[in-house]
Amino acid sequence: MLGPPGAGKGTQAERLAKVRALPKISTGDILREAVQAGTDLGLAAKVTMEAGNLIGDDVMIGIVLERLDRDDARPGFVLDGFPRTVVQAAALDGMVDGRGPLVVLDIVVPEEVLVRRLATRRICSRCGVNAAVEWTGDCQKCGGPLVARIDDSVDIVRERLKIYQRQTKPLVDYYSTRSTFRSIDGNQPPDTVTGRIDAILAEICGSAT
Ligand code: AMP
């Protein structure tokens with residue numbers, strides 16, 4: 001799942017993973033959990049993440065390599081937030097070699113809409129889940145308090161969007177000539193985007209049921 005911060009990758013990845021009964025692997029979630037747990041990875045990643053910068057390719061590739069090797073990812077997986085650089089994309093090609101089609105969905109949303117969305121986004125401070133827009137009060141999964149993400153503040157968002165343009169947007173060129181690449185208009189209601197994704201997956205991989 002490609003796209004800038006705020007494009008809806010997390011929401012759509014969650015839904016797709018559920019419908020297809022596959023693990024959703026979000027590198028941002030893995031890193032945030034590490035930060036909360038105070039592991040070596042978390043301690044090393046915290047400052048970089050809060051500044052909106054990317055973690056090094058070697059670290060990220062190591063995390064994903066290990067995760068894709070687990071049994072639950074054998075039938076397939078939904079990646080959210082990885083790859084984010086051409087180096088990561090090349091490594092991913094190596095990891096999925098012989099494992100079936102790599103479907104690449106690029107969710108496209110205008111920058112003003114992204115900035116607006118991120119300013120109002122909330123996550124659970126306890127379990128880290130993204131709050132759905134209709135949630136009022138606390139997290140509906142674990143009851144934890146909802147908070148803004150530190151890296152969703154306006155200045156950091158601008159920085160993340162610059163980094164996206166510089167380092168992640170080139171992935172569109174990297175993938176766009178492949179028959180399994182699709183661009184999706186993400187400036188539509190989430191259910192419409194989900195419907196489009198389901199149709200693409202049905203076309204490339206067969207229907208979910
Ligand atoms: P996300 O939740 O996907 O927006 O990720 C939050 C932050 O985690 C990013 O701004 C980066 O600092 C870091 N991060 C997540 N995935 C990657 C990745 N594939 N490569 C480098 N840094 C990443």
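Computation of the quantities below employed the complete heavy-atom set of this structure, encompassing side-chain atoms and omitting hydrogens, waters and symmetry-equivalent molecules.
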Side chain to side chain, Asp97 and Asp93, heavy atoms closer than 4.5 Å: no
Derivation and outcome, side chain to side chain contact (heavy atoms under 4.5 Å, CB included), residues Val19 and Thr194: CA-CA 10 Å; Val19 159; Thr194 304; over 6 Å; no
Distance-minimising heavy-atom pair for Leu146 and Gly137: CD1-O, 3.3 Å
Point-to-point distance, once rounded to the nearest 0.5 Å, from CZ of Arg196 to OG of Ser183: 9.5 Å
For Pro170 against Val86, the heavy-atom pair lying closest together: CB-CG2, 4.1 Å
Ion pair Asp29/Arg32, N-O distance below 4.0 Å: yes
Pairwise side-chain contact, Val96 with Phe77, heavy-atom cut-off 4.5 Å (strictly under): yes
Stepwise salt bridge (Lys or Arg N to Asp or Glu O under 4.0 Å) check, Asp152 with Arg122: CA-CA 9 Å; Asp152 278 347; Arg122 295 288 176 273; over 6 Å; no
Test log, rule side chain to side chain contact (heavy atoms under 4.5 Å, CB included), inputs Ile156 and Ile150: CA-CA 8 Å; Ile156 307 286; Ile150 291 174; 5.9 Å; no
Distance (rounded to the nearest 0.5 Å) between Leu102 CG and Leu79 CG: 8.0 Å
Worked verdict on Asn53 versus Glu159 for side chain to side chain contact (heavy atoms under 4.5 Å, CB included): CA-CA 8 Å; Asn53 292 320; Glu159 187 57 31; 4.3 Å; yes
Sole residue of Lys141, Arg20, Lys9 in salt bridge (Lys or Arg N to Asp or Glu O under 4.0 Å) with Glu14: Lys141
Smallest separation among heavy atoms of Pro23 and Gly76, with atom names: CD-O, 3.4 Å
ILVMFWY network linking Ile25 to Val104, side-chain heavy atoms under 4.5 angstrom: yes
Sidechain-backbone polar pair: Arg160 side chain, Asp151 backbone, donor-acceptor under 3.5 Å: yes
Where Leu68 and Ala73 come nearest, the two heavy atoms and their spacing: O-CB, 3.7 Å
Straight-line distance of Leu105 CG to Leu16 CG, nearest 0.5 Å: 7.5 Å
Trace of the salt bridge (Lys or Arg N to Asp or Glu O under 4.0 Å) decision for Lys162 with Glu111: CA-CA 11 Å; Lys162 267 193 229 154; Glu111 186 159 329; over 6 Å; no
Residues, nucleotides or ligands: over 12 heavy atoms within 6.0 Å of Asp72 CG: yes
Beyond-backbone contact of Pro110 with Asn187, side-chain heavy atoms, under 4.5 angstrom: yes
Single-linkage hydrophobic cluster, 4.5 Å side-chain cutoff, Tyr174 and Val64 together: yes
Atom CD1 of Ile204 with >12 non-hydrogen neighbours under 6.0 angstrom: yes
Pair Arg74-Asp71, salt bridge (Lys or Arg N to Asp or Glu O under 4.0 Å): steps then yes or no: CA-CA 5 Å; Arg74 212 140 283 171; Asp71 283 346; 3.1 Å; yes
Single-linkage hydrophobic cluster Val87~Leu65, side-chain heavy atoms < 4.5 angstrom: yes
Closest contact, heavy atoms only, Leu2 versus Pro83: CD2-O, 3.9 Å
Side-chain (Gln36) to main-chain (Cys127) donor-acceptor, under 3.5 angstrom: no
Any Val113 side-chain heavy atom under 4.5 Å of Arg117 side chain: yes
Flag side-chain contact, heavy atom, 4.5 Å: Ile30 against Phe82: no
Distance, nearest 0.5 Å, that separates CG of Leu161 from CD of Gln165: 7.5 Å
Residue pair Arg166, Ile163: steps toward the side chain to side chain contact (heavy atoms under 4.5 Å, CB included) verdict: CA-CA 5 Å; Arg166 200 165 54 232; Ile163 290 171; 3.8 Å; yes
4.5 Å side-chain heavy-atom contact, Leu31 and Met60: yes
Check: Thr11 and Arg15 side chains under 4.5 Å, non-hydrogen atoms: yes
Leu92-Phe181 co-clustered via ILVMFWY side chain contacts under 4.5 Å: yes
Donor-acceptor contact below 3.5 Å, side chain Thr85 vs main chain Gln167: no
Rounded distance (nearest 0.5 Å) linking atom CG of Asp185 with atom CG of Asp106: 11.0 Å
Shared hydrophobic cluster for Tyr175 and Val103 (ILVMFWY, side-chain gaps under 4.5 Å): no
Contact summary for Pro4 and Ile107, nearest pair of heavy atoms: CD-O, 3.5 Å
Check: Ile55 main-chain N/O paired with Thr48 side-chain donor or acceptor under 3.5 Å: no
Residue pair Ile61 / Met95, side-chain heavy-atom distance below 4.5 Å: yes
Spacing of CE belonging to Met1 relative to NZ belonging to Lys24, to within rounding of 0.5 Å: 9.0 Å
